[in-house]
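See below for the structure under consideration.
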Amino acid sequence: MTTPVGTARAGTALGSRNEATRRHNLAALMTLVHRADGLSRSELTRATGLNRSTIGALVGDLVDAGLVTEEHPETTTVGRPSPMVRPHRDVVALAINPDVDAVSLALVGLGHRVLERRRIPVAQVPSPEDVARLAAEAWDAWSADLGVRCVGAGIAVPGLVRMADAVVARAPHLLWRDAPVGELVERAVALPTAVDNDANAGLLAEQLFGAAAGETDVIYLNGSTSGIGGAVGVGGMVLRGADGFAAELGHTLADRDGPPCHCGRRGCLETEVNLQRLETAAGGPLEHADLAGSLRSLASPALEAEIDRQADVLARGIANLVSAFNPRVVILGGFLSALLSLRDEAIREQVAAHTFAPLADALRIESAALVDNQVLVGAAELAFAGLLADPLGV
């Protein structure tokens, strides 16, 4: 018996729609489990609105693919507890963050668990080729020792990034221009590789897992050896601008007569609020692992005056940004978090005083919750994006 052509086509279309729905639901479940680092089946049912049998089938697919595991918790109460669905612990991403004085690398698992991390100091500013070589050396060692499954690499760079072709258009501190770092790393580690600005990566991590979890409108500022990186979240999306280079907040003007900046201008926020100027006032290098404690222990009139000055400039800069973007929370990372710790009350008062009223009335100013891991966790999210969008297609 021959099936009518119209019936065959209708059946094919229905099958395609069913498969698209299944893949959409798998992506939703995988994303929920990853972001919560584990949920019960009953929690997944409530979060998605899908019935229990559908959740069971979808979880089974993800278990068969080696992306999640199921645990049956022990209980002494009446009734059968809902199984816990957790990310598989051997699924990882390689995260890379080059800076002027070191290249930081990590293996980050699903659920934002940092499994391995190393910071490799460099004698001179690393080139894109240096980053690729160091990434390959780290990945070769980790893959041999740990037996993990890596879905890709993510690179977070302090500079202007063209995400479409993984090229760093300009990174003044690193002395990079039109650097194809994504291609170089991808070739070196034999993994699909994505690249973004380091502050965008930090913002993403803090919104998903840190101090801005659940917030859609966020300003993120991170202070490092190379300066101040900034990112803005608007309506749950990273603000990127016409060319993808938006939110260079460290290069907003703080003092037109200030010192020269690496970007070629004068008086940028990152030249006025600056780790090197803190170290000069302290009389030498600071302990970055506990910067606030190091600054307290080295207290002197000159250092206290410099901390006061930088806190005031930072507060006024934040006030300008709050007036422009109306965020619910401002996240401060790196040495900016230490400034907040040391001058918390003064910074909050100055932000409130200089922000266009009433935009600061419900504002929160917080230190980054992921401490030193937010940029690497965000870089890993770049690598996980494909897996989360289509778990069975990666």
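- Not one N or O on the side chain of Arg41 forms a donor-acceptor pair closer than 3.5 Å with the backbone of Val85.
- Under a 4.0 Å N-O distance rule, the pair Arg265/Asp255 does not qualify as a salt bridge.
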query: Hey, mind stepping through Leu174 and Val100 against side-chain contact (heavy atoms from CB on, under 4.5 Å) and telling me if it holds?
result: CA-CA 6 Å; Leu174 294 175; Val100 296; 4.3 Å; yes
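- A chain of hydrophobic side-chain contacts below 4.5 Å, direct or via other Ile, Leu, Val, Met, Phe, Trp or Tyr residues, connects Leu115 to Leu94.
- Legend: ring pair (Phe, Tyr, Trp, His ring centres under 6.0 Å) pairs involving residues 222-249, not counting sequence neighbours: none detected.
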task: Any chance you could lay out the side-chain contact (heavy atoms from CB on, under 4.5 Å) test for Val59 and Val33, step after step, and finish with the verdict?
output: CA-CA 10 Å; Val59 170; Val33 171; over 6 Å; no
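- A donor-acceptor contact closer than 3.5 angstrom links the side chains of Ser341 and Arg296.
- When atom types are taken as modelled, the side chain of Glu215 and the backbone of Gln207 share no donor-acceptor pair closer than 3.5 angstrom.
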CA sep, side-chain torsions, deciding dist, call: Leu339, Ile307, side-chain contact (heavy atoms from CB on, under 4.5 Å): CA-CA 7 Å; Leu339 285 178; Ile307 293 172; 4.1 Å; yes
- prompt: Should Ser127 and Asp130 be marked as a side-chain hydrogen bond (donor to acceptor under 3.5 Å, both in side chains) after you check the CA-CA gap, both sets of side-chain angles, and the distance that decides it?
  reply: CA-CA 5 Å; Ser127 68; Asp130 292 332; 3.1 Å; yes
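- Residues Ser300 and Ala281 share a closest heavy-atom pair of OG-O, 4.2 Å.
- A salt bridge is absent between Asp217 and Arg328; no separation between the charged side-chain nitrogens and carboxylate oxygens falls under 4.0 Å.
- Counting only heavy atoms from C-beta outward, the side chains of Arg266 and Arg256 never approach each other to under 4.5 Å.
- Pairing each heavy atom of Ala199 with each of Tyr220, the nearest pair is O-CD2, 3.4 Å.
- Each of Gln124, His173, Arg119 was evaluated against Asp101; a single residue qualifies, Arg119, per the side-chain hydrogen bond (donor to acceptor under 3.5 Å, both in side chains) test.
- At least one side-chain heavy atom of Phe384 sits less than 4.5 Å from a side-chain heavy atom of Leu110.
- When all heavy atoms are compared, the tightest approach of Ala27 to Leu388 is CB-O, 3.2 Å.
- Checked for salt-bridge contact, Arg133 and Glu129 miss the test: no charged N lies under 4.0 Å from a carboxylate O.
- The aromatic rings of Phe209 and His34 sit perpendicular, their planes meeting at an angle over 60°, well past the 30° parallel limit.
- The CZ atom of Arg162 lies 5.5 Å from the CG atom of Asp178; values are rounded to the nearest 0.5 Å.
- Counted by atom type alone, Asn18 and Thr21 present zero donor-acceptor pairs between their side chains at under 3.5 Å.
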field: Verdict with reasoning, Arg35 to Thr31, per side-chain contact (heavy atoms from CB on, under 4.5 Å)
entry: CA-CA 6 Å; Arg35 291 182 178 176; Thr31 299; 3.5 Å; yes
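- Side-chain heavy atoms closer than 4.5 Å link hydrophobic residues (I, L, V, M, F, W, Y) into clusters, and following such links, even through other members, never connects Leu370 to Ile331.
- Of the inter-residue distances, the one linking Arg343 atom CZ with Gln310 atom CD reads 11.0 Å to the nearest 0.5 angstrom.
- Counting only distance, with no hydrogens or angles, the side chain of Ser337 and the backbone of Ser367 share no donor-acceptor pair below 3.5 Å.
- Note that CG of Leu67 and CG of Asp90 are 9.5 Å apart. Values are rounded to the nearest 0.5 Å.
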